[in-house]
Novice: 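First, the structure itself, so that you have it in front of you.
A note on names: the letters A, B, ... follow the listed sequences, proteins ahead of strands, and every chain is numbered from 1. All values below come from the heavy atoms of this structure, side chains included, with hydrogens, waters and symmetry mates left out.
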Amino acid sequence: MTPTTASAKATRTKGTTTSASKNQNPLHTPIIAWYEANQRDLPWREPGCPAWHILISEIMLQQTPVVRVLPIWREWVERWPTPADLAQASPADIIRAWGRLGYPRRALRLHAAAQAIVEKHNGEVPSDHAELLALPGIGSYTAAAVASFAFGQRHAVLDTNVRRVFARTVTGIEYPPTAVTAAETKLATELLPEQRAHVWAVAVMELGALVCTARSPKCAECPVSQQCAWRLAGSPPHTGPARKGQAWAGTDRQIRGALMAALRSSKEPLSHPQLVIEVPDSALRDPNQRSRCLSGLIEDGLVEPLPGDHYQLPA
DNA sequence: CATTCGTGGGA
DNA sequence: TTCCCAAGAAT
């Protein structure tokens with residue numbers, strides 16, 4: 001079946017039909033065909049990839065580019081091939097193995113998830129969406145992703161790529177809202193095909209990652225550019241509130257990152273003065289901020305305080 | 001609904 | 001160089 005331009009006019013079905021049993025989604029065929037021909041060869045997509053390894057990839061990929069995840073993921077699945085293996089590891093080893101992936105609390109949550117899987121699910125990653133959602137560090141997206149990609153289930157997988165593709169092709173706007181809205185979830189559910197929904201999910205994600213990118217989308221390569229509502233409207237620029245860029249210089253996150261980097265690279269516990277040397281100048285002028293960040297890291301379980309004002313990664 | 005939470009590469 | 005943002009979750 002060839003996706004002809006003649007179907008473009010039929011694209012404007014309001015989707016208000018309550019049937020939804022038969023999916024008439026005109027995006028379906030061309031996007032899946034595009035995916036079959038253009039998908040990246042990622043290791044967690046290989047047939048038979050264990051659910052645990054897929055789960056690890058999804059946690060690592062949260063807010064983190066694929067190229068940066070790949071080497072760390074390979075190290076983790078070799079070192080901790082099962083949930084039980086990771087559950088027994090020490091936080092210090094896990095935090096160091098996380099390296100500079102960012103958001104190191106994810107590593108601790110993955111550790112906690114592994115322990116929960118061992119204790120509550122016999123060491124096997126649960127396939128049930130609700131049970132996945134109950135695990136530490138697993139939210140709406142990751143639960144749907146693991147259920148789909150590891151177990152072939154049918155769920156609306158709404159990540160930043162999918163949201164952007166739907167915003168453009170269906171809603172006709174350049175960027176989706178700041179936070180996931182009920183309307184987006186409803187739309188994603190309605191667009192879900194009855195068959196091979198997990199392939200549809202990864203296909204839309206891939207399209208968003210490779211073609212329908214945030215900046216300078218490659219519309220010439222897009223399999224649905226002829227029926228893209230945003231494009232048909234003349235690619236109008238984003239009208240909503242300006243999306244806030246993440247501040248960085250002088251923020252707690254910068255200080256926390258510097259403190260963690262120092263502790264990761266040190267085999268021995270560090271004294272407070274040694275720690276101060278490692279943090280940026282901005283924080284040197286604000287002892288208040290330093291102590292706040294250190295306390296926060298301790299509360300998060302990323303740092304362990306020792307007697308004598310020394311600190312180390314949690315043993 | 002808005003904030004916080006790392007990092008580094010590309011435009 | 002500066003800015004943007006990449007398979008989000010927790011609060």
Novice: In whole Å, what is the span from the CZ atom of A:Arg109 to the C1' atom of B:dT4?
Specialist: 10 Å

Novice: Measure the distance from CG on A:Leu110 to P on C:dA7 and round it to the nearest whole Å.
Specialist: 19 Å

Novice: From CD1 of A:Ile72 over to C1' of C:dA7, roughly how many Å is that when rounded to an integer?
Specialist: 17 Å

Novice: For C:dA9, does either OP1 or OP2 sit under 4.0 Å from a side-chain N or O belonging to A:Thr142?
Specialist: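 Answer is yes, contact under 4.0 Å.
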
Novice: Using the P atom in both, what is the distance from C:dA7 to B:dG10, to the nearest Å?
Specialist: 15 Å

Novice: So does A:Gln62 get a side-chain nitrogen or oxygen closer than 4.0 Å to the phosphate oxygens (OP1/OP2) of C:dA7?
Specialist: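 A:Gln62 to C:dA7 OP1/OP2: no side-chain N or O under 4.0 Å.
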
Novice: Of the residues in residues 248-275 of chain A, which ones touch DNA chain C at a heavy-atom distance under 4.0 Å?
Specialist: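 None - not one residue of the stretch has a heavy atom sitting under 4.0 Å from the strand.
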
Novice: Would A:Trp98 and A:Trp76 count as a close aromatic pair, with their ring centres under 6.0 Å?
Specialist: yes

Novice: Taking 4.0 angstrom as the limit, do A:Lys120 and A:Glu131 come out as a salt bridge?
Specialist: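 Answer for the salt bridge query: no.
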
Novice: A:Pro65 or A:Leu135: which one's nearest nucleotide on DNA chain C is closer to the 5' end?
Specialist: A:Pro65

Novice: Would you please name every residue forming a salt bridge (charged side-chain N to carboxylate O under 4.0 Å, His left out) with A:Glu36, sequence neighbours left out?
Specialist: A:Arg196

Novice: Tell me if a side-chain donor or acceptor on A:Thr169 pairs with a main-chain N or O of A:Val165 at a distance below 3.5 Å.
Specialist: yes

Novice: Report the distance from atom CD of A:Gln63 to atom C1' of C:dA10, rounded to the nearest whole Å.
Specialist: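 Rounded to whole Å, this separation is 13 Å.
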
Novice: Kindly state which residues belonging to residues 202-214 of chain A come within less than 4.0 angstrom of DNA chain C, counting heavy atoms of the residue only, listed by number.
Specialist: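 Those residues are A:Met205, A:Ala209, A:Ala214.
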
Novice: Looking at A:Glu75, I'd like to know if its CD atom is crowded, meaning that more than 12 non-hydrogen atoms belonging to other residues, nucleotides or ligands lie closer than 6.0 Å.
Specialist: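 Counting neighbours around CD of A:Glu75, more than 12 heavy atoms of other residues, nucleotides or ligands fall under 6.0 Å, so yes.
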
Novice: How would you label the contact of A:Ile59 with the nucleic acid (heavy atoms, under 4.0 Å): base, sugar-phosphate, or nothing?
Specialist: nothing

Novice: Atom NE2 of A:His155 and atom C1' of C:dA7: how far apart are they, to the nearest Å?
Specialist: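 Distance check: A:His155 NE2 to C:dA7 C1' gives 16 Å.
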
Novice: Are A:Arg256 and A:Asp300 within salt-bridge range, i.e. N to O under 4.0 Å?
Specialist: yes

Novice: When you get a sec, tell me which of B:dT7, C:dA9, B:dG6 is the closest nucleotide to the side chain of A:Tyr103?
Specialist: B:dG6

Novice: Distance between the P atoms of C:dA9 and B:dG8, in whole angstroms?
Specialist: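 Nearest-Å result for C:dA9 against B:dG8 at atom P: 23 Å.
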
Novice: Relative to each other, are the rings of A:Phe166 and A:Trp200 parallel, tilted or perpendicular (30° and 60° limits)?
Specialist: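 Parallel.
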
Novice: Under 4.0 Å between a side-chain nitrogen and a carboxylate oxygen: does that hold for A:Arg215 and A:Glu174?
Specialist: no

Novice: Answer with yes or no after comparing the ring centroid distance for A:Trp44 and A:His53 against a 6.0 Å cut-off, counting only values under it.
Specialist: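 Between A:Trp44 and A:His53, the centre distance exceeds or equals 6.0 Å.
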
Novice: Regarding A:Trp44, tell me which of base, sugar-phosphate or nothing describes its non-hydrogen contacts under 4.0 Å with the strands shown.
Specialist: base

Novice: What's the CG-C1' distance between A:Leu55 and C:dA9, to the nearest Å?
Specialist: 14 Å

Novice: Grab the NZ-P distance between A:Lys218 and B:dA11 for me, whole Å please.
Specialist: 8 Å

Novice: Less than 4.0 angstrom from a charged side-chain N to a carboxylate O is my criterion; do A:Arg74 and A:Glu78 meet it?
Specialist: no

Novice: Separation of A:Leu132 atom CG from C:dG8 atom P, in whole Å?
Specialist: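 After rounding, the gap between these two atoms is 17 Å.
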
Novice: Which part of the nucleic acid, if any, lies within contact of A:Arg163, taking any heavy atom under 4.0 Å across all strands shown: a base, the sugar-phosphate backbone alone, or nothing?
Specialist: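 Nothing, no heavy atom under 4.0 Å.
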
Novice: Given that A:Ser216 and A:Gly102 both sit by DNA chain B, which one's nearest nucleotide is further toward the 5' end?
Specialist: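 In this pair, the answer is A:Gly102.
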
Novice: OP1, OP2 of C:dA6 versus side-chain N and O of A:Thr160: anything below 4.0 Å?
Specialist: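 Yes, because at least one side-chain N or O of A:Thr160 sits under 4.0 Å from OP1 or OP2 of C:dA6.
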
Novice: Hey, does A:Ser140 reach any base, or is it just sugar-phosphate, or nothing, if we go heavy atoms under 4.0 Å?
Specialist: sugar-phosphate

Novice: Between B:dG6 and A:Arg106, is there an OP1 or OP2 to side-chain N/O distance shorter than 4.0 Å?
Specialist: no

Novice: From the set B:dT7, C:dC4, C:dG8, return the single nucleotide nearest to any side-chain atom of A:Arg215.
Specialist: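 Of B:dT7, C:dC4, C:dG8, C:dC4 is nearest to the side chain of A:Arg215.
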
Novice: Would you classify A:Leu302 as touching base, sugar-phosphate or nothing, given that sugar-phosphate means primed atoms plus P, OP1 and OP2, and contacts are heavy atoms under 4.0 Å?
Specialist: nothing

Novice: For A:Leu110 and A:Ile59, work out which heavy atoms get closest and say how close.
Specialist: CD1-CG1, 3.9 Å

